[in-house]
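What follows is a short report on a single structure.
Since we're looking at a predicted model, the values are computed, not measured. Letters go in sequence order (proteins before strands), and every chain restarts at 1. Values below: every heavy atom of this structure, side chains too, minus hydrogens, waters and symmetry copies.
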2 protein chains.
Amino acid sequence: MSRFVIIVAGGTGTRMRTKTAKQFLMIEGLPILWRTLRRFQQAVPDAPITLVLHESLFDEFRNLESHHGPSGATHLVKGGAERFHSVLAGLTSLPDEGLVAIHDAVRPFPSIELIRTAFDTAATHGSAIPSIPLKDSIRKISSSGSDSVSVNRSDFIAVQTPQCFDISLLKPAFAAPYSPAFTDDASVFEAAGHSITLCPGDPVNMKLTTPEDLIIARALLDR
Amino acid sequence: MSRFVIIVAGGTGTRMRTKTAKQFLMIEGLPILWRTLRRFQQAVPDAPITLVLHESLFDEFRNLESHHGPSGATHLVKGGAERFHSVLAGLTSLPDEGLVAIHDAVRPFPSIELIRTAFDTAATHGSAIPSIPLKDSIRKISSSGSDSVSVNRSDFIAVQTPQCFDISLLKPAFAAPYSPAFTDDASVFEAAGHSITLCPGDPVNMKLTTPEDLIIARALLDR
């Protein structure tokens, strides 16, 4: 089956406390987004890569391409209000069959093996969601937000991206109206009645969201 | 109220894939445990520090003290089978009144402010559990382990240590028989009918459990 990649770059840098959108921040001389895209080019060289980006960042993106060379994205698509709408915009640009990996722009360290395993798992089972055990204990907050209760950490897993899907199943799932319960792409797929298959994630495959994460990212690159 | 600290060093290094217990691994010339203890010495210089350690590691601990100087621990106590038993052993060495902060040995970066705020919150409310938002989406695993379902990440928080308590409430709570549902000290306190008060955690206050975490810890120290 043909393989496709959608990279979702929704952020505008609020949590990073910077003026630059976080996917454009530099680690060791290259924007984070460029590093993310290189992993996919290496893992699945045949797969076209659709980059979904807020329209206000198109100029900055092109400017960065003139400085750092092509990012590796083969298609550039306008993002929407929520992640759901951005992924939908990316999906609309794809054919109706094949496999798609949907990945966060600010997660630059998925291993080649992780990406390939996710595609292989989705080819067999229809979906593949990389997951890892939780490291910290967690508590559930009451609906009022004023109270919390202990839950068993081993009953939960943390999920990462790339989340891979059979496009012929995912596209109809994304025809549903938007719901705030759609916290990731797996939850949209699941709401359409499909079951989710897990595959191994990796603690290093982290999402960079705070200034400390950039320090950590540089250290991981240097190793 | 008098303040006390219990440092729990239960680990034997399995996840670190090393022969050295993880609390004894070095970052920038000093064992992790030494770095953890220094934070508490700085934040609450008046507080005695009880170190709970597996008995098989006592010799190695004393050997490290002869190389790196005193760790800062004022009392050394034998650990038990589970974290619950180790904390209980530490609590038994304390008086029946005051405030106690219970902290993971392999979490060397609690800020001075975080430690003091936790003590102050517990002085007013009886408990203080540092918490931060979840970074990744999470899924709940079915009891069989073969299936999982999406849950709303914003309904949950990740909890850290130091978890601080009023000793006059915590000691009776630890008189309960051990239950596997006791995933942290807050869950023991809660099972005794007390309510939990949250206070601000910090993403940098991470637990070091994998080899990559050591690389990250060195980078955070260098910043």
Side-chain angles (χ1 to χ4, degrees), chain A residues 107 109 129 131-143 145-161 163 180-191 195-198 201-207 209-213 215-220 222-223, chain B residues 107 109 129 131-132 134-143 145-161 163 180-191 195-198 201-207 209-220 222-223:
Chain A
R107 224 184 256 276
F109 303 128
I129 311 298
S131 75
I132 54 172
L134 295 184
K135 206 164 167 178
D136 291 322
S137 290
I138 60 171
R139 299 179 64 80
K140 190 169 193 301
I141 306 167
S142 67
S143 49
S146 62
D147 214 351
S148 66
V149 62
S150 175
V151 296
N152 198 341
R153 169 176 58 178
S154 59
D155 289 344
F156 294 84
I157 46 166
V159 304
Q160 306 182 324
T161 70
Q163 302 194 344
F182 294 156
T183 55
D184 63 353
D185 311 311
S187 57
V188 180
F189 191 73
E190 193 167 32
S195 69
I196 292 295
T197 302
L198 302 177
D202 178 356
V204 171
N205 180 27
M206 60 186 293
K207 200 167 170 178
T209 55
T210 66
E212 290 77 19
D213 289 341
I215 294 166
I216 291 170
R218 288 182 190 113
L220 290 171
D222 281 344
R223 90 195 136 136
Chain B
R107 222 183 258 276
F109 303 128
I129 311 299
S131 74
I132 53 171
L134 296 183
K135 206 164 168 180
D136 290 323
S137 290
I138 60 172
R139 298 178 65 79
K140 190 170 194 300
I141 306 166
S142 67
S143 49
S146 62
D147 214 349
S148 65
V149 62
S150 176
V151 296
N152 197 341
R153 167 175 58 177
S154 60
D155 289 344
F156 294 84
I157 47 165
V159 304
Q160 306 182 325
T161 71
Q163 301 193 346
F182 294 157
T183 55
D184 63 353
D185 311 310
S187 57
V188 180
F189 190 74
E190 194 168 32
S195 69
I196 292 294
T197 301
L198 302 176
D202 179 356
V204 171
N205 180 28
M206 61 185 296
K207 200 168 171 176
T209 54
T210 67
E212 290 77 19
D213 289 341
L214 288 185
I215 294 166
I216 290 169
R218 287 182 191 114
L220 290 172
D222 281 344
R223 99 198 126 129

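Within the 4.5 angstrom heavy-atom criterion, no atom of B:Ser142 approaches chain A. In this structure, the portions of A:Val159 lying under 4.5 Å from any heavy atom of chain B include both its backbone and its side chain.
Looking at heavy atoms from C-beta onward, A:Glu190 lies in side-chain contact with B:Arg139 at the 4.5 angstrom threshold. Looking only at side-chain heavy atoms (C-beta outward), A:Leu198 and B:Ile141 stay at 4.5 Å or farther from each other. You'll find the side chain of A:Arg107 reaches within 4.5 Å of the side chain of B:Asp136, heavy atoms only.
Annotation: the span from A:Arg153 atom CZ to B:Ile138 atom CD1 amounts to 12.5 Å, rounded to 0.5 Å. Between the CD atom of B:Glu212 and the CD1 atom of A:Ile216 there is a distance of 12.5 Å, given to the nearest 0.5 Å. Interatomic distance, A:Leu220 CG to B:Ile215 CD1, rounded to the nearest 0.5 Å: 6.5 Å.
Options A:Ser131, A:Ser195, A:Ser150, A:Ala219 differ in how many heavy-atom pairs under 4.5 Å they form with chain B, and the most are formed by A:Ser150. Comparing B:Asp147, B:Thr161, B:Thr197, B:Ile196 by how many heavy-atom pairs each has under 4.5 Å with chain A, the most go to B:Ile196. Ranked by heavy-atom pairs under 4.5 Å with chain A, the first of B:Ser154, B:Ala191, B:Ser148, B:Pro203 is B:Ser148.
No side-chain donor-acceptor contact under 3.5 Å links A:Lys207 to the backbone of B:Lys135.
Closest of all the heavy-atom pairs between A:Ser137 and B:Thr183 is OG-O, 3.7 Å.
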